[in-house]
Amino acid sequence: PSRAIYYVLPTMKGNDVKWVQSALNAYGNYGLSIDGSFGPACRNATKQFQASMGMTQDGSFGPATRAKMVEWLNGKVNSNNSSNNNTNSGIEKAIFPMDYLNISQGINENYSHQNRLALDLIGSGNGNDSFRAPFTGVIKKIYGKDNVVWFESINDVQFADGTISKMTIMCMHDNDISDLYVGKTIHQNESFLTVGTAGNATGPHIHLECGKGSFSGTGWYKNSSGKWCINNGINPWDALYIKSSTNVINSHNYNWRIIN
């Protein structure tokens, strides 16, 4: 963005505001909606960023604040902030994508996860929980049956086990993915799926698998149990950090790593 962006009514809007929102979320885990409208929450997040950088806290994302953010994203400056989604080099940490950690079926379970590193996530259980992008990425493939979506990080991300690599996730069962298309970019923390029952699903949920590396081949393979699995699959808890604010209902006692 080249203009100074600040809170005013009607609010300032545009793709440059989306950049600011994404950058602030990457820095401080502020949970801003990537809607391109600079509202009070954006102003407050900007003030917090400015405070952590020792800057005047005016809430305006002007040239000086923008330059400091770019320096931080490029790993050239540290801050007093200890609770953000990024490493010091500006690499996004991959974050568990729902407000509730509630697993109805875990890895290698007998109903439909035989020899699969897959989780069925039901959220709060009210049937309309959102599923957010765990990192900034792009949709690589959509398969109509079961509404399967493959989503790949644009850049390397930090896995919960410390690995730095691209990540691909495979999700399914949202009832309506008509707003999604191959090549669509989705920013970290932006909602793009909802729990559903499309295809072979029992009760509203999102089926999630995580893979190490870029999208490859057809995106999946059939295992020895006849189940389709993401390529280069890994344990989800080794891929995704859990925020300390996440409501944990059923973690299956997996070794999740928690960040602020």
Side-chain angles (χ1 to χ4, degrees), residues 1-97 132-138 151-160 162-167 184-192 240-246 257-260:
S2 57
R3 60 173 175 163
I5 300 172
Y6 50 89
Y7 177 58
V8 65
L9 293 176
T11 59
M12 301 180 73
K13 294 179 171 62
N15 288 331
D16 53 353
V17 177
K18 287 185 177 182
W19 184 91
V20 169
Q21 291 168 328
S22 297
L24 288 169
N25 278 346
Y27 175 80
N29 189 24
Y30 297 119
L32 300 173
S33 297
I34 313 300
D35 59 6
S37 177
F38 195 90
C42 296
R43 177 186 59 189
N44 293 338
T46 298
K47 285 183 177 182
Q48 291 181 53
F49 173 74
Q50 291 168 329
S52 69
M53 291 292 176
M55 306 175 69
T56 300
Q57 300 164 46
D58 61 5
S60 173
F61 209 97
T65 302
R66 180 170 61 252
K68 191 65 71 174
M69 176 62 80
V70 170
E71 287 183 1
W72 182 81
L73 290 170
N74 291 332
K76 295 179 180 179
V77 63
N78 293 322
S79 72
N80 298 321
N81 183 40
S82 62
S83 60
N84 57 67
N85 286 358
N86 286 57
T87 65
N88 286 336
S89 62
I91 296 174
E92 288 179 345
K93 294 178 180 177
I95 305 297
F96 180 78
R132 297 184 297 272
F135 42 74
T136 299
V138 62
F151 182 66
E152 174 195 284
S153 63
I154 292 176
N155 300 307
D156 286 348
V157 299
Q158 181 171 309
F159 290 56
T163 298
I164 303 294
S165 170
K166 282 196 171 184
M167 184 187 300
K184 182 174 183 176
T185 297
I186 302 171
H187 295 276
Q188 187 178 49
N189 204 45
E190 184 177 356
S191 296
F192 72 107
L240 304 171
Y241 289 96
I242 293 289
K243 294 193 297 186
S244 58
S245 59
T246 301
R257 297 165 178 87
I258 299 173
I259 61 172
N260 292 328

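When a residue number appears, it is its place in the shown sequence, counting from 1. Excluded from the calculations below are hydrogen atoms, water molecules and symmetry mates; all remaining heavy atoms, backbone and side chain alike, are included. The model shown is predicted, which means the values in this text are computed figures rather than measured ones.
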Colleague: Any non-hydrogen side-chain atom of Thr11 less than 4.5 Å from a side-chain atom of Val17?
Modeller: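 They are not in side-chain contact.
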
Colleague: Identify the two heavy atoms, one from Ile34 and one from His187, that lie closest to each other, and give their separation to 0.1 Å.
Modeller: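 Nearest pair, atom of Ile34 first, then His187: CG2-CD2, 3.7 Å.
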
Colleague: Check whether Gln50 reaches the backbone of Asp58 with its side chain - one donor and one acceptor, N or O, closer than 3.5 Å.
Modeller: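 Side chain of Gln50 to backbone of Asp58, a donor-acceptor pair under 3.5 Å: yes, one is there.
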
Colleague: Apply ring-ring contact (aromatic ring centres under 6.0 Å, His included) to Phe38 and list each qualifying residue two or more places apart in sequence or on a separate chain.
Modeller: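 Listed in chain order: nothing, the list is empty.
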
Colleague: Quick check against the 3.5 Å criterion: does Arg257 have a side-chain atom that pairs as donor or acceptor with the backbone of Ala160?
Modeller: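 Answer holds: yes.
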
Colleague: Check Ser37 against Cys42 and note the closest heavy-atom contact, atom names and distance.
Modeller: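 Answer, listing the atom of Ser37 first, then Cys42: O-SG, 3.9 Å.
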
Colleague: For Thr65 and Thr46, work out which heavy atoms get closest and say how close.
Modeller: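 It is CG2-CG2, 4.3 Å.
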
Colleague: For Tyr6, look at atom OH and say whether over 12 heavy atoms of other residues, nucleotides or ligands are found less than 6.0 Å away.
Modeller: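 Result for OH/Tyr6: open.
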
Colleague: Is Glu190 close to Asn25 at the side-chain level, that is, under 4.5 Å between some pair of heavy atoms?
Modeller: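 SC-SC contact between Asn25 and Glu190 ruled out.
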
Colleague: Is any side-chain heavy atom of Met53 closer than 4.5 Å to a side-chain heavy atom of Trp72?
Modeller: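 Yes, at least one pair of side-chain atoms sits under 4.5 Å.
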
Colleague: Of all heavy-atom pairs between Ala45 and Leu32, which one has the smallest distance, and what is that distance?
Modeller: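 Heavy atoms only, the tightest pair is CB-CD1, 4.1 Å.
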
Colleague: Indicate whether any N or O donor in one side chain lies under 3.5 Å from an N or O acceptor in the other, for Glu92 and Ser153.
Modeller: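 The criterion, which ignores hydrogens and geometry beyond distance, is not satisfied for Ser153 and Glu92.
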
Colleague: Return yes if some donor-acceptor pair links the side-chain N/O of Gln158 with the main-chain N/O of Ile164 below 3.5 Å, else return no.
Modeller: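 No, Gln158 side chain to Ile164 backbone: no donor-acceptor pair under 3.5 Å.
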
Colleague: With rounding to the nearest 0.5 angstrom, report the CZ to CD1 distance, Phe135 to Ile186.
Modeller: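 The CZ atom of Phe135 sits 10.0 Å away from the CD1 atom of Ile186.
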
Colleague: With a 4.5 Å limit on heavy-atom distance, are the side chains of Pro40 and Tyr7 in contact?
Modeller: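 When only atoms from C-beta onward are counted, Tyr7 and Pro40 do touch, with a gap below 4.5 Å.
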
Colleague: Locate the shortest heavy-atom distance separating Val138 from Ile154; write the atom from each residue and the value.
Modeller: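 For Val138 versus Ile154, the nearest heavy atoms are N-CG1, 4.2 Å.
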
Colleague: Side chains of Met69 and Leu24, heavy atoms from C-beta outward: is any pair under 4.5 Å?
Modeller: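 In contact.
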
Colleague: Counting C-beta onward and ignoring hydrogens, is there a side-chain heavy-atom pair between Asp16 and Arg3 closer than 4.5 Å?
Modeller: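 Yes - at least one pair of side-chain heavy atoms lies under 4.5 Å apart.
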
Colleague: Just so I know, are the side chains of Ile95 and Ile259 near enough to count as touching, which here means a heavy-atom distance under 4.5 Å?
Modeller: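 Answer yes - side chains close enough.
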
Colleague: Once you round to the nearest 0.5 Å, how far does OG of Ser33 lie from NZ of Lys18?
Modeller: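 Ser33 atom OG to Lys18 atom NZ measures 11.5 Å (nearest 0.5 Å).
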
Colleague: Judged by atom type as modelled, is there a donor-acceptor pair below 3.5 Å linking the side chain of Thr136 to the main-chain atoms of Gln188?
Modeller: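 Checking the backbone N and O of Gln188 against the side chain of Thr136, a donor-acceptor pair under 3.5 Å is found.
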
Colleague: Run the side-chain contact (heavy atoms from CB on, under 4.5 Å) test against Ser165 and tell me which residues pass, sequence neighbours left out.
Modeller: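 Once residues adjacent in sequence are excluded, the partners of Ser165 under the side-chain contact (heavy atoms from CB on, under 4.5 Å) criterion are Phe159, Thr163, Lys212.
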
Colleague: Got a donor-acceptor contact below 3.5 angstrom from the Gln21 side chain to the Asp35 backbone?
Modeller: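 At least one qualifying donor-acceptor pair exists.
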
Colleague: With rounding to the nearest 0.5 Å, note down the distance linking CZ in Arg66 to CH2 in Trp19.
Modeller: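 Separation between the atoms: 7.5 Å.
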
